[in-house]
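Only one structure is covered here, and it is reproduced in the block below.
Values below: every heavy atom of this structure, side chains too, minus hydrogens, waters and symmetry copies.
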Amino acid sequence: MSAPRSLVQVALNGSRRREAHPAIPLSSWDVARAAAEAVAAGAASVHVHVRDADGVETLAGPVLARVINAMKTTCPDTLISVTT
């Protein structure tokens with residue numbers, strides 16, 4: 001029996017707001033850039049809390065699509081999960 005494979009998942013921003021740290025990625029392209037950096041460092045999966053223009057967590061279709069599309073542009077073969 002072979003050893004189980006491990007999967008490294010990075011959580012990019014969590015429920016924290018910009019006030020918690022100025023480097024927390026919130027915009028679609030900040031999230032995409034952070035995702036690409038994490039994948040380059042070895043992450044196989046990226047988890048993100050999607051935010052609207054005001055920084056409020058959302059699952060609104062257009063906002064969600066913008067973030068996912070940006071992430072797929074910078075790391076196309078990466079597993080992506082969003083908070084529900």
Original post:
Are T58 and L64 side-chain neighbours, meaning at least one heavy-atom pair lies under 4.5 Å?
Top reply: no
**OP:** Please check if V31 and V39 belong to a single hydrophobic cluster, counting links between Ile, Leu, Val, Met, Phe, Trp and Tyr side chain heavy atoms closer than 4.5 Å.
**Re:** yes
**OP:** For K72 and V67, indicate whether the former's side chain and the latter's backbone hold a donor-acceptor pair under 3.5 Å.
**Re:** no
**OP:** Kindly compute the distance separating CG (D52) from CG (L59), expressed to the nearest 0.5 Å.
**Re:** 11.0 Å
Subject >> Connected via hydrophobic side-chain network under 4.5 Å: I24 and V82 >> reply: no
Original post:
Quick one: OG on S28 to CG on N69, what's the gap to the nearest 0.5 Å?
Top reply: 9.5 Å
Original post:
Is there a donor-acceptor contact under 3.5 Å from the side chain of T83 to the main chain of H49?
Top reply: no
Original post:
Can you check whether V50 reaches I68 side chain to side chain, under 4.5 Å on heavy atoms?
Top reply: no
**OP:** Any chance you could measure I80, atom CD1, to H47, atom NE2, to the nearest 0.5 Å?
**Re:** 12.0 Å
**OP:** Could you pull out the closest heavy-atom pair between G42 and V8, with the gap in Å?
**Re:** O-CB, 4.0 Å
Original post:
Can you find a pair of side-chain heavy atoms, one from L79 and one from L7, that are under 4.5 Å apart?
Top reply: yes
Subject >> Connected-component partners of V56 among ILVMFWY, side-chain separation under 4.5 Å >> reply: none
Subject >> For N13 against R51, the heavy-atom pair lying closest together >> reply: O-NH2, 4.3 Å
Original post:
To the nearest 0.5 Å, what is the distance between CZ (R66) and OG (S27)?
Top reply: 9.5 Å
Original post:
Considering all heavy atoms of both residues, which atom of R18 and which atom of A23 are nearest to each other, and what is their separation?
Top reply: NH1-C, 4.2 Å
**OP:** Heavy atoms only: give me the nearest P25-L12 pair and the separation to one decimal.
**Re:** CD-O, 3.5 Å
Original post:
Do S15 and E57 come within less than 4.5 Å of each other through their side chains, counting heavy atoms only?
Top reply: yes
**OP:** Pick out which of R16, R17, H21 makes a side chain to side chain contact (heavy atoms under 4.5 Å, CB included) with E19.
**Re:** R17
